[in-house]
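This is a predicted model, so every value here is computed, not measured.
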Amino acid sequence: MLAALTAVTLAATACGGDAEPAGKDAKNITLTIATNAIAGGKNSAGAEWIEKWVIPRFVEAQKAKGVTAKVSFVPSGVDDEPYKTKLALDLRSKGGADVMSVDGIWVGEFAQAGYLKPLSEVAGDQVDSWDGWSQIPESVQGLGTFEDKKYGIPQGTDGRVLYFNKKLFAKAGLPADWQPKSWQEILDAGAKLKALPGVTPIQINAGTAMGEATTMQGALPLLVGAGGEIYKDNKWAGANQPVKDMLDFYTKVYGGGLGDPKLQQEAKGRDKSFAEFAAGKIGILAEGDYFWRGVVNPKDGVAKMPDRDTTVGWAMIPAKQPGAGIRGQDFVSMSGGGVDVLNPNSKYPAQAFELLAFMHSAEATKEQLAGAARITARMDVNKEVLAGDPLLSFVAEKVLPLTAYRPPLAVYPQVSVALQEATAAAASGKSADEAAAAYQKKVEGIVGGPGNVSS
């Protein structure tokens, strides 16, 4: 918890301590970039991109404007929590790098602690006039937004879909271009798949063994599909109708024999679900685009599927029924990802934003991919680099414009565990009402009482 950090005084680095911010016309500037990446170690390619491409190109661009820029990189190669703590201590002591990479889910927590300020407060009018915003869908901008203010520029992101096995669908008399328009249509497809021997019709993550994958692949897409949000208007969702609807879907899948409840309780259950899908034993699976890229990828996936390109179909996740999703949507998704932010203590805030914008230009974004097909925050880049990948193109074009994000607040991980426990209860036979009531009680204890919970 940031609130629990002890006060420390660290030597201010690039931010120049308590010096007055230098003007935007400064001819000699010093800037620093910090990310959780290190050459030869964690996120090595990202570290090399900064050191070998971003810094020299930015310095060259500044030189062309008559500005001498000295830019350095502060690498890290540690777990997320120690990295987060280091950033917090740096910001608290008015030190740290000018441009920092953070997980999108830390943004609100850092903002509430006073460590980050909205980009436009730090760097002025140039923030809102940056041409890059027009290439980042508003839904994706939400990754770096807190209380309707932009705190950072999103890096890459992802999206969730329903994957299905076309061969099993053909055997069950279901279409190869399946796109359910309601939860009932998912259950109806599951009922047809149930007739196939040795096949689990629907796999939707539940329980605590699958951790955050349960929340992001299962609970939250269903919650937004029922028109709910886990945090809205300063209140956390309790045993309200969307939460009950979400849990009721779990009871129908697992209570109706359409899913394998034991899979949800196993320590390696998610990995096992990957292997079973790849082996043609699961009909429908809710997952992120990582599943396509990194799991069933026929070249180097963890559960290689040689016939992936002909056998795996995908569909958008429908709302409970048409128009019932958040913002009145027919289809929904959830996304995660990283964000680059500005240090509000920067001695050169205007130039720090120039560096930040440069790092998120189309050219820099393409360079960072190093030829890999990955979803970026930019629509123009996605259109170009994903042209050869139908699933990633589908997510970038159809799913990202309607996606949603987790609340970037310190208490969220505990609420997420409570959600996972509620899905476990629903998957193991408790009614949606019972599971929701127990969840509400747990959340009240986490977030400071019933006054902070909507029920």
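Expressed to the nearest 0.5 Å, how far OG1 of T214 lies from CG of L419 amounts to 10.0 Å. Note that CD1 of I153 and OG of S101 are 11.0 Å apart. Values are rounded to the nearest 0.5 Å. To the nearest 0.5 angstrom, D103 atom CG is 10.5 Å from E109 atom CD. Once rounded to the nearest 0.5 Å, the distance linking CD1 of I33 with CZ of F73 reads 7.5 Å. With rounding to the nearest 0.5 angstrom, the CD atom of E287 is 15.5 Å from the CH2 atom of W314. Interatomic distance, CD of Q135 versus OG1 of T365, reported as 10.5 Å (0.5 Å rounding).
Summarising the geometry of I282 relative to F277, their closest heavy-atom pair is O-CD1, 3.6 Å, with the distance given to 0.1 Å. Annotation for Y439 and G238: closest pair CE2-O, 3.6 Å, computed over non-hydrogen atoms. In plain terms, the two heavy atoms of Q217 and R270 that are nearest each other are NE2-NH2, 3.1 Å.
Between Y231 and W236, the ring planes are tilted. Angles from 30° to 60° get that label. Taking the six-membered ring where tryptophan is involved, the planes of W178 and F169 are perpendicular, since the angle between them exceeds 60° and thus also 30°. A parallel orientation is assigned to the rings of Y163 and W292, their planes being inclined by less than 30° (bins at 30° and 60°). Taking the six-membered ring for Trp and thresholds of 30 and 60 degrees, Y83 and W106 have ring planes inclined between 30 and 60 degrees apart.
Judged purely by atom type and a 3.5 angstrom limit, K194 uses its side chain to pair as donor or acceptor with the backbone of G256. Of the possible polar contacts, none joining the Q112 side chain to the L409 backbone as a donor-acceptor pair under 3.5 Å is found. Under a 3.5 Å cut-off, the side chain of S335 and the backbone N or O of T157 do not form any donor-acceptor pair.
With a 4.5 Å cut-off on side-chain heavy atoms, R406 and L220 count as touching. Side-chain contact check for M305 versus V312: some heavy-atom pair is nearer than 4.5 Å. Side-chain contact between F331 and I317 is absent, with no heavy atoms from C-beta onward closer than 4.5 Å. The side-chain heavy atoms of V122 and N343, taken from C-beta on, include no pair separated by under 4.5 Å. Contact of the W133 side chain with the K150 side chain is registered, since non-hydrogen atoms from C-beta on lie closer than 4.5 Å. With contacts defined as side-chain heavy-atom distances shorter than 4.5 Å, the pair T35/I50 qualifies. At a threshold of 4.5 Å between non-hydrogen side-chain atoms, the residues K244 and D433 count as touching. Using a 4.5 Å heavy-atom threshold, the side chains of S44 and E48 count as touching.
Checking S139 against T403 by side-chain atom types alone, no donor-acceptor pair falls below 3.5 Å. Donor-acceptor pairing under 3.5 Å is lacking for the side chains of Q321 and E185. In the model, E421 has no side-chain atom that pairs as donor or acceptor with a side-chain atom of T208 under 3.5 Å. For the residue pair Q264 and Y254, a side-chain donor N or O sits within less than 3.5 Å of a side-chain acceptor on the partner.
A salt bridge does not link E81 to K86: none of the charged side-chain nitrogens sits closer than 4.0 Å to a carboxylate oxygen. Comment: D158 engages R160 in a salt bridge, judged by a side-chain N to carboxylate O separation of less than 4.0 angstrom. A salt bridge does not link D79 to K84: none of the charged side-chain nitrogens sits closer than 4.0 Å to a carboxylate oxygen.
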The test is side-chain contact (heavy atoms from CB on, under 4.5 Å); show your working for V415 and I230 and say whether it passes. CA-CA 9 Å; V415 175; I230 193 65; 4.0 Å; yes
Show, in sequence, the C-alpha distance, side-chain angles and deciding distance for D188 and K192, and conclude whether the salt bridge (charged side-chain N to carboxylate O under 4.0 Å, His left out) test is met. CA-CA 7 Å; D188 291 346; K192 288 191 175 180; over 6 Å; no
Give the intermediate values and the outcome of side chain to side chain donor-acceptor pair (under 3.5 Å) for residues Q155 and D340. CA-CA 7 Å; Q155 301 161 4; D340 288 321; 2.7 Å; yes
Going through the checks in order, is the ring pair (Phe, Tyr, Trp, His ring centres under 6.0 Å) test met by F110 and Y151? CA-CA 10 Å; F110 276 43; Y151 282 81; over 10 Å; no
Before you tell me yes or no, could you show the steps for K42 and D80 under salt bridge (charged side-chain N to carboxylate O under 4.0 Å, His left out), namely the whole-Å CA-CA distance, both residues' side-chain angles and the distance that decides it to 0.1 Å? CA-CA 11 Å; K42 185 170 185 172; D80 287 351; 3.4 Å; yes
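For K430, the NZ atom sits in a loose shell: 12 or fewer heavy atoms of surrounding residues, nucleotides or ligands are nearer than 6.0 Å. In the displayed structure, K272 atom NZ is contacted under 6.0 Å by at most 12 heavy atoms of other residues, nucleotides or ligands.
Under the side chain to side chain contact (heavy atoms under 4.5 Å, CB included) criterion, S455 pairs with Q440, not counting sequence neighbours. In terms of the side chain to side chain contact (heavy atoms under 4.5 Å, CB included) criterion, residue partners of K167 (sequence neighbours excluded) are, by chain and number, N165, D307, T311. Legend: residues meeting side chain to side chain contact (heavy atoms under 4.5 Å, CB included) with Q368, ordered by chain and number and at least two apart, are W49.
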Donor-acceptor list for residues 371-379 side chains, cut-off 3.5 Å, not counting sequence neighbours:
from: T376; atom 1: OG1; to: R378; atom 2: N; distance (Å): 3.1
from: T376; atom 1: OG1; to: R378; atom 2: O; distance (Å): 3.2
from: T376; atom 1: OG1; to: N382; atom 2: OD1; distance (Å): 2.9
from: R378; atom 1: NE; to: D380; atom 2: OD1; distance (Å): 3.0
from: R378; atom 1: NH1; to: H360; atom 2: O; distance (Å): 3.0
from: R378; atom 1: NH2; to: D380; atom 2: OD2; distance (Å): 2.9

Table please: side-chain donor-acceptor pairs of residues 246-253 below 3.5 Å, with sequence neighbours left out.
from: D248; atom 1: OD1; to: T251; atom 2: OG1; distance (Å): 3.4
from: D248; atom 1: OD2; to: K252; atom 2: NZ; distance (Å): 2.8
from: Y250; atom 1: OH; to: N205; atom 2: O; distance (Å): 2.6
from: Y250; atom 1: OH; to: A219; atom 2: N; distance (Å): 3.3
from: T251; atom 1: OG1; to: D248; atom 2: O; distance (Å): 2.6

Contacts under 3.5 angstrom, residues 390-400 side chains, donor-acceptor by atom type, not counting sequence neighbours:
from: S393; atom 1: OG; to: L386; atom 2: O; distance (Å): 2.5
from: S393; atom 1: OG; to: D389; atom 2: O; distance (Å): 2.9

